[in-house]
Amino acid sequence: EPAFFCDLVATGPETTASQLRNWLHKETVALTDEATLKHLLRVAKRRAALLVGLADIAGLWPTEEVMRVLSDFADMTLRLTVDVLLRGAAKDGKLALAEPTNPSLNSGFIVLAMGKLGAHELNYSSDVDLIVLYEAKHVHFLGDGNMQRFFERFTRSFVAILEERTKDGYVFRTDLRLRPDPGATPIALSVAAAETYYESTGQNWERAAFIKARPVAGDIEAG
């Protein structure tokens with residue numbers, strides 16, 4: 001990334017980070033193609049890692065700022081990925097979006113960040129720990145078949161975009177095992193099912209894990 005490196009040296013990490021975020025948002029604002037998204041996210045991750053690494057090594061940012069910027073980049077990556085998938089589902093006639101220019105708004109699809117990402121403590125080698133839920137009463141589902149199965153397929157696509165290794169590398173490894181009873185439940189489940197689990201058979205440590213939880217992508221208000 002020689003051109004990006006030169007911009008970074010010339011303008012500093014804060015300005016370059018802002019420019020990188022603006023570039024990624026502009027490139028994905030109307031995107032529905034998953035292959036293009038995979039490429040863009042991996043280029044952005046490569047540049048973000050270079051930017052944060054140099055700011056860290058040079059002593060320009062303290063550890064807290066390094067973790068915050070890495071976490072903010074992960075948040076943006078998750079939000080844009082969900083938006084692209086929601087636009088694609090609407091284009092295919094599977095969902096009706098409440099606001100096409102803001103696909104996640106009132107979509108009912110919820111991504112919760114747990115662990116280090118939830119606490120804005122992401123480091124260079126961290127997985128992203130996520131819980132994926134959907135609030136059925138907010139979802140305008142138009143597809144054939146079962147809403148549960150639709151969101152399972154949707155979530156598999158979401159994870160693949162983030163962690164599949166391509167010629168450009170990968171974005172983030174994802175871990176969905178903090179969801180309720182991961183050995184017996186689907187990778188995306190309804191809010192009602194999650195609430196029932198935590199109120200009845202959930203373990204204390206599972207409930208305590210929500211100390212660091214926060215909604216990061218999809219329907220933030222529902223999250």
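Note that this is a predicted model, so its numbers are computed, not measured. Quick note: numbers below take in every heavy atom, side chains included, and nothing from hydrogens, waters or symmetry partners.
Checked options Arg173, Arg177, Lys116; the residue passing with Asp127 is Arg173 (criterion: salt bridge (charged side-chain N to carboxylate O under 4.0 Å, His left out)).
In this structure, the side chains of Leu117 and Leu78 come closer than 4.5 Å at one or more pairs of heavy atoms. Proximity of Met76 to Leu24: side-chain heavy atoms (C-beta onward) are separated by under 4.5 Å at one or more points. The shortest distance between side-chain heavy atoms of Ile131 and Leu176 does not fall below 4.5 Å. Within the 4.5 Å cutoff, the side chain of Val128 has no heavy atoms near those of the Asp175 side chain.
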Could you please spell out the steps behind the side chain to side chain contact (heavy atoms under 4.5 Å, CB included) verdict for Thr32 and Leu37? CA-CA 8 Å; Thr32 59; Leu37 177 64; over 6 Å; no
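To the nearest 0.5 angstrom, Thr63 atom OG1 is 11.0 Å from Glu65 atom CD. Rounding to the nearest 0.5 Å gives a distance of 11.0 Å between CD of Glu164 and CG of Leu162. Once rounded to the nearest 0.5 Å, the distance linking CZ of Arg165 with OH of Tyr170 reads 5.5 Å. One distance of note links CD1 of Ile187 with CZ of Arg156; it measures 4.5 Å at 0.5 Å rounding. Atom CD of Gln19 is separated from atom CG of Leu51 by 10.0 Å, given to the nearest 0.5 angstrom. Rounding to the nearest 0.5 Å places CG of Leu86 at 10.0 Å from CG of Asn102.
Salt bridge status for Arg47 with Glu1: present, with a side-chain N to carboxylate O gap under 4.0 Å. The pair Glu121-Lys212 meets the salt-bridge criterion, since a charged nitrogen lies less than 4.0 angstrom from a carboxylate oxygen. Salt-bridge annotation for Lys94 and Asp92: absent, with no side-chain N of the basic residue lying under 4.0 Å from a carboxylate O of the acidic one. Residues Arg179 and Asp129 are not paired through a salt bridge, judged by the lack of any N-O separation under 4.0 Å between the basic side chain and the carboxylate.
At least one test fails for Arg68 against the ring of Trp61: distance under 6.0 Å to the centre or angle within 45° of the axis. In this structure, Lys45 forms a cation-pi arrangement with Phe172, its terminal cationic atom sitting closer than 6.0 Å to the ring centre and no more than 45° off the ring axis.
Judged by distance alone, the side chain of Ser107 and the main-chain N or O of Gly218 form no donor-acceptor pair under 3.5 Å. Looking at Arg79, its side chain never comes within 3.5 Å of a backbone N or O of Ala217 through a donor-acceptor pair. Put simply, the side chain of Thr185 gets close to the backbone of Pro180: a donor and an acceptor are under 3.5 Å apart. Side chain of Glu199 to main chain of Thr196: no donor-acceptor pair is present (N/O by atom type, distance under 3.5 Å, no hydrogens or angles). Side-chain atoms of Asp56 do not come within 3.5 Å of backbone N or O of Val52 as any donor-acceptor pair. The backbone N or O of Asn123 sits less than 3.5 Å from a side-chain atom of Ser126, completing a donor-acceptor pair.
Here the shortest heavy-atom pairing between Leu189 and Ala194 reads CD1-N, 4.1 Å. Residue Ile110 comes nearest to Gly223 through the heavy atom pair CG2-CA, 3.6 Å, listed as atom of the first residue, atom of the second, then distance.
Few gaps surround OH on Tyr198; more than 12 heavy atoms of other groups in view lie less than 6.0 Å from it. When the shell of 6.0 Å around CD of Glu14 is examined, it contains more than 12 heavy atoms from other residues, nucleotides or ligands. Under a cut-off of 6.0 angstrom, the local environment of CG in Asn146 is crowded, with over 12 non-hydrogen atoms contributed by other residues, nucleotides or ligands.
Below 30°, between 30° and 60°, or above 60°: for Phe154 and Phe150 the angle between ring planes is between 30° and 60°, a tilted geometry.
Side-chain atoms of Asp168 and His39 include a donor-acceptor pair closer than 3.5 Å. Looking only at atom types and distance, the side chain of Ser104 has a donor-acceptor partner in the side chain of Asp83 under 3.5 Å away.
In this structure, Phe151 has its ring center closer than 6.0 angstrom to the ring center of Tyr134.
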